[in-house]
2 protein chains.
Amino acid sequence: MPLKRRKNQSPAPLPSCPLFACMSLIGGAWTPNVIWYLSGGPRRFSELRADIPAISAKVLTQRLRDMEENGLVTRTVMPTSPPSVDYALTDLGQELVPAIAAIVDVGARLKQRKASMEALNAAAE
Amino acid sequence: MPLKRRKNQSPAPLPSCPLFACMSLIGGAWTPNVIWYLSGGPRRFSELRADIPAISAKVLTQRLRDMEENGLVTRTVMPTSPPSVDYALTDLGQELVPAIAAIVDVGARLKQRKASMEALNAAAE
DNA sequence: CAGCATCCTGCGAGATACTG
DNA sequence: CAGTATCTCGCAGGATGCTG
């Protein structure tokens, strides 16, 4: 989702399209998941990797860096050995949680609906 | 946002990541906007284009077709002259509206916050 | 453990021109 | 009006290998 109009043109600021600003924050495929798993409280890098097995370390780092830049998460390095890094949602990041929750909610109902559809199909055969 | 794992691998179905299923529905940069403008009632192709000036005809067509495939919208051709086509949200599509609304809401607050931040910065100088 | 560096791929999207 | 066709580009993301 090339949502970010970083360098390119797009001079018109998309009047009355408030979705664009917000979608650029959660646009990546993984960002919402990261926010979701971070909404329960601060987590370490390796914990997040375990939460979302399908993400690669590189992409997780990228997403977290982007989110840090956008002021969604804070990054705290613990000077232990071995070192660990804590990520936590900022107030701004917290504000996104309800939206993500709504998406999760719909996703769950979609899953249910799909399951009942398949049950119907199976019964019809 | 290459969310769709159409042909590729990804054998693990992302356990406990309900976001993925739903994000693949609204993953495109424009899909949420289309749903949003469709939430007020059925609209014609040209109306949608006017609603979202920055979208190109091709992309709008693509998104609408994808959404039709996913059962989010219905497409009704009116046999008039000149021909017109009506798009409307299905029940499934309607279910996504609250989630989109939540995102819009956050987007609006983000905008406010940004505005007040800039006002602070300006006052500081 | 938590990363960075590098190379590679595929999809979303823009631009432009043409059709029923 | 409502598309379709073709081309190109940029970025998210995957894979692998290496550091402090």
Side-chain angles (χ1 to χ4, degrees), chain A residues 1-12 14 17 20 23-34 42-70 73 75-87, chain B residues 1-12 14 17 20 23-34 42-70 73 75-87:
Chain A
M1 170 193 308
L3 262 184
K4 308 188 179 179
R5 297 267 127 19
R6 276 179 183 158
K7 324 160 190 182
N8 331 30
Q9 67 292 30
S10 179
L14 274 290
C17 274
F20 246 84
M23 283 304 285
S24 68
L25 292 178
I26 60 172
W30 299 111
T31 315
N33 282 282
V34 175
R43 283 186 93 66
R44 303 225 314 271
F45 187 85
S46 53
E47 292 179 312
L48 286 172
R49 283 219 61 186
D51 289 335
I52 319 172
I55 200 173
S56 67
K58 189 200 74 168
V59 175
L60 181 53
T61 307
Q62 282 179 344
R63 294 301 105 223
L64 286 168
R65 284 288 196 273
D66 278 7
M67 292 163 71
E68 193 189 358
E69 251 186 71
N70 290 329
V73 302
R75 182 170 175 275
T76 319
V77 182
M78 319 293 278
T80 57
S81 176
S84 67
V85 182
D86 256 51
Y87 291 94
Chain B
M1 169 200 316
L3 262 183
K4 308 188 177 179
R5 295 269 125 19
R6 276 180 185 159
K7 324 159 188 182
N8 331 29
Q9 65 290 30
S10 178
L14 276 289
C17 275
F20 244 83
M23 284 303 286
S24 67
L25 292 179
I26 59 172
W30 298 110
T31 315
N33 282 281
V34 175
R43 283 186 93 65
R44 303 224 313 271
F45 187 86
S46 53
E47 291 180 313
L48 287 172
R49 282 219 62 188
D51 288 337
I52 318 171
I55 199 174
S56 68
K58 188 198 76 170
V59 174
L60 181 53
T61 308
Q62 283 179 345
R63 293 301 103 223
L64 285 168
R65 283 280 144 70
D66 278 7
M67 292 163 73
E68 194 189 358
E69 250 186 72
N70 290 330
V73 301
R75 182 170 175 275
T76 319
V77 181
M78 318 293 277
T80 58
S81 177
S84 67
V85 183
D86 257 53
Y87 291 94

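Residue numbering restarts at 1 for every chain, and letters A, B, ... go by the order of the sequence lines.
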Nearest-Å distance, [atom1] ([X]) to [atom2] ([N])?
{"X": "A:Glu47", "N": "C:dG3", "atom1": "CD", "atom2": "P", "answer": "13 Å"}
{"X": "A:Ile26", "N": "D:dA12", "atom1": "CD1", "atom2": "P", "answer": "15 Å"}
{"X": "B:Tyr87", "N": "D:dG3", "atom1": "OH", "atom2": "C1'", "answer": "8 Å"}
{"X": "A:Phe45", "N": "C:dG3", "atom1": "CZ", "atom2": "P", "answer": "5 Å"}
{"X": "B:Leu25", "N": "C:dG12", "atom1": "CG", "atom2": "P", "answer": "13 Å"}
{"X": "A:Arg63", "N": "C:dA2", "atom1": "CZ", "atom2": "C1'", "answer": "17 Å"}
{"X": "B:Trp30", "N": "C:dA13", "atom1": "CH2", "atom2": "P", "answer": "8 Å"}
{"X": "A:Leu64", "N": "C:dA2", "atom1": "CG", "atom2": "P", "answer": "11 Å"}

Where do N or O atoms of nucleotides 4-7 of chain C meet protein N or O atoms at under 3.5 Å, pair by pair?
residue: C:dC4; atom: OP1; partner: A:Arg65; partner atom: NH2; Å: 3.1
residue: C:dC4; atom: OP2; partner: A:Arg65; partner atom: NE; Å: 3.4
residue: C:dC4; atom: OP2; partner: A:Arg65; partner atom: NH2; Å: 2.9

ask   = A:Arg75: what forms a salt bridge (charged side-chain N to carboxylate O under 4.0 Å, His left out) with it, not counting sequence neighbours?
value = none
Between the first and last five pairs of the helix from C:dC1-D:dG20 to C:dG20-D:dC1, the angle of the axes, rounded to 10 degrees = 50°
request  = Could you say whether B:Ser56 or A:Pro83 is positioned toward the 5' end of DNA chain C, judged by the nucleotide with the nearest heavy atom to each?
outcome  = A:Pro83
message = What's B:Arg49 touching, base or sugar-phosphate or nothing? Going by heavy atoms closer than 4.0 Å.
response = nothing
Specify the closest pair of heavy atoms between [X] and [Y], including all atoms of both residues, with the distance to one decimal.
{"X": "B:Asp86", "Y": "B:Pro42", "value": "OD2-CB, 3.9 Å"}
{"X": "A:Arg49", "Y": "A:Leu60", "value": "CG-CD2, 3.4 Å"}
{"X": "B:Ala57", "Y": "B:Phe45", "value": "O-CZ, 3.9 Å"}

Any non-hydrogen side-chain atom of [X] less than 4.5 Å from a side-chain atom of [Y]?
{"X": "B:Asn70", "Y": "B:Met67", "value": "no"}
{"X": "A:Leu48", "Y": "A:Leu64", "value": "yes"}
{"X": "B:Thr31", "Y": "B:Leu25", "value": "no"}
{"X": "B:Glu69", "Y": "B:Arg65", "value": "no"}

message = So, OP1 or OP2 of C:dC1: does either fall under 4.0 Å of a side-chain N or O from A:Thr80?
response = no
B:Arg44 side chain near D:dA2 phosphate (N/O to OP1/OP2, under 4.0 Å) = yes
query = For the side chain of A:Arg43 and the backbone of A:Tyr87, is there at least one donor-acceptor N/O pair under 3.5 Å apart?
reply = no
